[in-house]
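The figures that follow rest on heavy atoms only: side chains count, while hydrogens, waters and symmetry mates do not. First listed ligand is number 1; within each ligand, the first listed atom is number 1.
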Amino acid sequence: MTTAQQETLSSPLSPVMIETKGIIKSFGTLQVLKGIDLTIRKGEIVAIAGPSGAGKTTLLQIIGTLDSPDAGQLTINNTSVRAMNDKQLSAFRNRNIGFVFQFHQLLPEFTALENVMIPALIARESSSSAEKRAKELLDFMNLSDRMSHKPAQLSGGEKQRVAVARALINNPAVILADEPSGSLDTENKEGLHTLFFDLREKMNQTFVIVTHDEQLAAHTDRLIHLRDGVIVG
Ligand SMILES: Nc1ncnc2c1ncn2[C@@H]1O[C@H](COP(=O)(O)OP(=O)(O)OP(=O)(O)O)[C@@H](O)[C@H]1O
Ligand SMILES: [Mg+2]
């Protein structure tokens with residue numbers, strides 16, 4: 001391994017990007033998360049696995065500030081998010097967190113290029129610089145000749161790569177992905193997983209990925225098993 005490669009891999013000295021302490025969450029009488037403590041460092045790729053209903057999506061939504069815990073602390077990129085109001089939270093989310101969902105969730109009436117640009121425009125970037133960055137990212141995803149296609153004109157694997165480009169456009173501190181390859185066939189699945197590792201190597205990107213895919217889980221830096229709302233190893 002070259003020195004340059006070593007520098008892009010996470011070490012105990014890398015900055016902490018996500019820290020949770022004692023996260024608890026209930027829906028009605030059902031306690032879904034029972035005290036989650038996690039520390040994730042810059043450049044780490046962490047997988048979260050566990051049976052259906054274990055609380056994986058709930059945890060990811062809380063880390064992503066889309067849902068709030070009943071108790072516990074969440075720090076992302078050195079910022080404690082608990083005290084923020086909704087407006088501050090959405091601005092923080094737009095700047096710091098990129099999401100990739102199982103079903104791409106691209107906007108159907110916009111082209112691939114426009115879909116990727118939208119979070120940058122929301123962050124008040126000029127449209128010329130948003131377009132330049134979106135084009136670079138789509139280029140990196142091997143989608144240069146698909147930029148003017150709308151989602152319905154893209155394959156499943158292409159749509160997920162557009163979704164990854166969209167997640168990256170504001171240089172987020174972390175990318176959170178909930179079964180991102182769950183809707184893809186084997187070939188596209190492998191392509192998407194390779195892309196995650198490329199992005200880590202080239203951009204030192206941090207990922208938290210909920211996945212049922214054992215091959216992906218086996219290749220990540222850390223596999224966290226969630227069962228009945230607790231981390232079991
Ligand atoms: N908004 C909600 N209201 C009530 N119950 C909820 C809500 N969201 C999730 N739950 C419940 O919380 C538990 C955990 O759900 P969660 O979606 O986090 O599971 P998961 O580990 O992601 O499962 P899967 O692998 O099936 O996606 C489930 O029992 C679910 O029914
Ligand atoms: Mg889920």
Side-chain angles (χ1 to χ4, degrees), residues 17-40 44-76 81-82 84-86 89-90 92-93 96-106 151 156-157 159-164 166-167 172-186 188-193 195-196 205-233:
M17 294 311 262
I18 300 171
E19 186 160 53
T20 76
K21 280 192 183 144
I23 296 278
I24 290 173
K25 177 74 177 177
S26 299
F27 294 111
T29 56
L30 177 74
Q31 195 171 57
V32 176
L33 298 176
K34 301 174 181 167
I36 302 290
D37 300 325
L38 264 182
T39 302
I40 297 173
E44 265 196 292
I45 300 185
V46 174
I48 299 179
S52 180
K56 305 181 297 295
T57 294
T58 305
L59 177 60
L60 208 69
Q61 300 261 333
I62 287 175
I63 294 174
T65 76
L66 291 169
D67 201 350
S68 54
D70 302 329
Q73 290 161 26
L74 170 64
T75 308
I76 295 174
V81 300
R82 277 218 82 181
M84 290 187 198
N85 64 32
D86 284 353
L89 264 187
S90 38
F92 178 82
R93 202 182 301 130
N96 286 280
I97 301 165
F99 291 95
V100 181
F101 301 95
Q102 179 171 3
F103 302 100
H104 56 85
Q105 300 201 351
L106 299 173
K159 279 186 276 220
Q160 269 320 46
R161 270 148 48 218
V162 174
V164 175
R166 178 186 55 182
V174 295
I175 289 193
L176 305 178
D178 199 348
E179 301 192 34
S181 55
S183 62
L184 301 179
D185 62 26
T186 308
N188 279 306
K189 197 176 283 218
E190 282 168 10
L192 187 69
H193 297 165
L195 175 63
F196 291 156
Q205 185 63 53
T206 311
F207 288 90
V208 183
I209 308 171
V210 170
T211 185
H212 284 115
D213 189 277
E214 288 177 14
Q215 238 185 333
L216 170 63
H219 283 96
T220 56
D221 302 314
R222 194 145 45 109
L223 173 59
I224 291 167
H225 274 283
L226 206 59
R227 188 178 298 270
D228 294 332
V230 291
I231 293 174
V232 290

**OP:** Verify the neighbour count for atom CZ of Arg82: are there more than 12 heavy atoms of other residues, nucleotides or ligands below 6.0 Å?
**Re:**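 Buried by this count: over 12 neighbours within 6.0 Å.
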Original post:
Quick one: does Arg161's side chain have a donor or acceptor within less than 3.5 Å of a partner on Gly156's backbone?
Top reply: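 Side chain of Arg161 to backbone of Gly156: no pair is present.
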Side chain to side chain, [X] and [Y], heavy atoms closer than 4.5 Å:
| X | Y | result |
| --- | --- | --- |
| Lys25 | Lys34 | no |
| Thr220 | Phe196 | no |
| Glu179 | Phe101 | no |

**OP:** With Asp178 as reference, evaluate Ile209, Ile48, Leu60 under the side-chain contact (heavy atoms from CB on, under 4.5 Å) test and give the passing residue.
**Re:**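 Passing option: Leu60.
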Original post:
Should Ile18 and Ile63 be marked as a side chain to side chain contact (heavy atoms under 4.5 Å, CB included) after you check the CA-CA gap, both sets of side-chain angles, and the distance that decides it?
Top reply: CA-CA 8 Å; Ile18 300 171; Ile63 294 174; 3.9 Å; yes
**OP:** Would you tell me whether Asp213 and Ser181 have side-chain atoms, one donor and one acceptor, within less than 3.5 Å of each other?
**Re:**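 There is no such pair (donor and acceptor under 3.5 Å, judged by atom type) between the side chains of Asp213 and Ser181.
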Original post:
Considering only heavy atoms, which protein residues lie less than 4.0 Å from any atom of ligand 1?
Top reply: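 Residue list for ligand 1: Phe27, Leu30, Val32, Pro51, Ser52, Gly53, Ala54, Gly55, Lys56, Thr57, Thr58, Glu179, His212.
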**OP:** Give the total of protein N/O/S atoms at a distance below 2.8 Å from the Mg ion (ligand 2).
**Re:**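 With waters ignored, the protein N/O/S count below 2.8 Å is 1.
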**OP:** For Leu74 and Glu19, run side chain to side chain contact (heavy atoms under 4.5 Å, CB included): C-alpha distance rounded to whole Å, both residues' side-chain angles, the deciding distance at 0.1 Å, then the answer.
**Re:** CA-CA 6 Å; Leu74 170 64; Glu19 186 160 53; over 6 Å; no
